[in-house]
Amino acid sequence: MERAELAGWLRLSLTPGIGDGAARRLLSAFGLPERIFAQPDAALREVVSHAQAEALMQPPAGLQAQIDLTWQWLQAGDDRVSRRVVTLGDAGYPASLLEMADPPLMLYVLGAAGFDLTQLGHSIAVVGSRNPTPQGATNARSFGRALGEAGLPVVSGLALGVDGAAHTGALDAAGDAHRLATVAVVGTGLDRVYPARHRDLAHRITLQGLIVSELPLGTPPLTQNFPKRNRLIAGLARGTLVVEAALQSGSLITARLTSEQGKEVFAIPGSIHSPQSRGCHALIRQGAKLVESVSDILEELPPLHAPRAASAPSLSFSNGASAASSPEDPLLEALGFEPASLDALGARTGWGAAALQARMLELELDGHISRLPGGLFQRVAST
């Protein structure tokens, strides 16, 4: 990413009053951020509110310092540990997040060179209490290791307790093999480690996994950022395993978000006398699968047949018009003029899920298709 491109994305993400939803509308209407900021006020007000349009006309306070900080951070990567910023328009943006109602505009990624977030199609999130029982901590590490041995990367939140144990188990399973073992999604900027006690663990993850945040560099561990972190954990993984959780627990938020995204929720039962088991028991009563061994998880995950996401067409916001507006576009031909689901389009085209989702986002942002309720898409008639 060039510095000017980075500056545009940072300005868009940091402009007061411009959330991810408004940013996506602006990208759909005008293209790359640099084109958004070249628009007159009247054009902006056709897409966002008057107050938002006014905010877009002025660079936000502290923007230059944030650009300098982020650019310097990116340059500090090396052949072993890379530092990246992945934007909504990048081919390397994880396809699973595109299915969320509010995919983040930018992702900051720190970790082993050669790994990327498109490799997470078969990952499992492992979450639970920050203060687990000794058995809960053992279960988290054991399941993290067993999932790793089965070839499934573990996604968690780098917190104390269950998160840290699950990351450690996944790293143990990887040994010296160069494969994506685990992904830590954090609620701070990537220029700091929270909690500090996990500094060594974070270092291990950067050598055999990835650390991810949607928050700008310098962001401290603020309470309100952790529910946002939880939605990314749910979004990145194919399912979520809750090891231990009280009834009032952030892990239950992650489980709920997983279920709302149509993914599997798993829970390990515990003693009826332990407060740390009550959240898992509640999930099981609500339909989560009771898990006693890793095979209980694996049997719910049919093999993936999608090609690697690298085969997905590259997304581009280079201008307001589509480079694929030709009537011969294969995906538009497959869609026709009746609403269709992603599953139906996959059956018609033979495309894998990652490639299909990436291409559909490009066509949606270019205005060639529209998203309907119920997960359907419809071609937009040309004018």
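Grouped with Ile284 in one hydrophobic cluster are Leu290, the linkage being side-chain heavy-atom contacts under 4.5 Å among Ile, Leu, Val, Met, Phe, Trp and Tyr residues.
Across every non-hydrogen atom of Thr254 and Ala234, the tightest pair is O-CB, 3.8 Å. Contact between Pro153 and His122 at its shortest, heavy atoms only, is CD-NE2, 3.6 Å. Taking all atoms of both residues into account, the shortest heavy-atom contact from Val183 to His167 is O-CE1, 3.3 Å. The shortest non-hydrogen separation linking Arg80 to Leu207 is NE-CD2, 3.6 Å. The nearest pair of heavy atoms linking Val291 to Ser293 is CG1-O, 3.5 Å. Nearest heavy atoms, Ala159 versus His198: O-CE1, 3.0 Å.
Counting only N and O atoms by type, the side chains of Ser129 and Gln276 include a donor and acceptor under 3.5 Å apart. Counted by atom type alone, Thr87 and Asp90 present one or more donor-acceptor pairs between their side chains at under 3.5 Å. Between the side chains of Ser49 and Gln52, at least one donor N or O lies within less than 3.5 Å of an accepting N or O. If you check the side chains of Thr133 and Glu244, you find a donor sitting under 3.5 Å from an acceptor.
Residue-environment remark: CD (Gln224) exceeds the threshold of 12 foreign heavy atoms within 6.0 Å. Residue-environment remark: NE2 (His178) exceeds the threshold of 12 foreign heavy atoms within 6.0 Å. In Gln58, the CD atom is not crowded: 12 or fewer heavy atoms of neighbouring residues, nucleotides or ligands sit closer than 6.0 Å. Surrounding CD of Gln248 are at most 12 heavy atoms belonging to other residues, nucleotides or ligands under 6.0 Å away. Residue-environment remark: CG (Asp79) stays at or below the threshold of 12 foreign heavy atoms within 6.0 Å.
Looking at Leu69 and Asp191, their side chains come closer than 4.5 Å, going by heavy atoms from C-beta outward. Side-chain contact check for Leu241 versus Phe143: some heavy-atom pair is nearer than 4.5 Å. The closest side-chain heavy-atom distance from Leu12 to Ile18 is below 4.5 Å. With a 4.5 Å cut-off on side-chain heavy atoms, Leu117 and Val109 count as touching. Leu110 places none of its side-chain heavy atoms less than 4.5 Å from the side chain of Leu210. Residues Leu152 and Leu301 form a side-chain contact, since some pair of their non-hydrogen atoms from C-beta on lies under 4.5 Å apart. The shortest side-chain heavy-atom distance between Leu215 and Val186 does not fall under the 4.5 Å cut-off.
For Glu46 and Arg25, the salt-bridge test fails: no basic side-chain N is under 4.0 Å from an acidic carboxylate O. Between Glu300 and Arg238 there is no salt bridge, since no side-chain nitrogen of the basic residue lies less than 4.0 Å from a carboxylate oxygen of the acidic one. In this structure, Asp68 pairs ionically with Arg3, as a charged nitrogen and a carboxylate oxygen lie closer than 4.0 Å. For Asp41 and Arg45, the salt-bridge test passes: some basic side-chain N is under 4.0 Å from an acidic carboxylate O. Ionic pairing of Asp172 and Arg141 is present here: one or more N-O contacts between side-chain nitrogen and carboxylate oxygen are shorter than 4.0 angstrom. With salt bridges taken as basic N to acidic carboxylate O contacts below 4.0 Å, none links Asp116 and Arg84.
Under the 3.5 Å distance criterion, the side-chain polar atoms of Lys289 are left unmatched by any main-chain donor or acceptor of Val265. Formation of a donor-acceptor pair under 3.5 Å by the Ser156 side chain with backbone atoms of Val126 is found in this model. Between the side chain of Thr219 and the main chain of Pro216, a donor-acceptor pair closer than 3.5 Å is present. A donor-acceptor pair is defined here as one N or O able to donate and one able to accept, closer than 3.5 Å; no such pair exists between the side chain of Ser259 and the backbone of Ala255. Of the possible polar contacts, none joining the Arg278 side chain to the Ala246 backbone as a donor-acceptor pair under 3.5 Å is found. Under a 3.5 Å cut-off, the side chain of Thr15 and the backbone N or O of Ala55 do not form any donor-acceptor pair. Between the side chain of Arg229 and the backbone N or O of Gly157, at least one donor-acceptor pair lies under 3.5 Å. Side-chain atoms of Gln208 come within 3.5 Å of backbone atoms of Gly175 as a donor-acceptor pair (strictly under, hydrogens ignored). A donor-acceptor pair under 3.5 Å links the side-chain atoms of Thr70 to the main chain of Gln66, judged by distance alone.
In the hydrophobic cluster analysis, where Ile, Leu, Val, Met, Phe, Trp and Tyr join through side-chain heavy atoms closer than 4.5 angstrom, Phe226 is grouped apart from Leu247. Placement of Leu98 and Leu107 within a single hydrophobic cluster is found when ILVMFWY residues are connected by side-chain heavy-atom separations under 4.5 Å, directly or transitively.
Scored by the salt bridge (Lys or Arg N to Asp or Glu O under 4.0 Å) test, Glu264 finds no partners at all (sequence neighbours excluded).
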Check against salt bridge (Lys or Arg N to Asp or Glu O under 4.0 Å), Asp102 and Arg231: CA-CA 9 Å; Asp102 57 342; Arg231 95 188 193 289; 3.0 Å; yes
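Both the sub-6.0 Å distance and the 45° axial angle are satisfied by Arg11 relative to the ring of Phe37.
Taking the six-membered ring where the residue is Trp, Trp73 and Tyr108 present perpendicular rings, their angle passing 60° and hence far from 30°.
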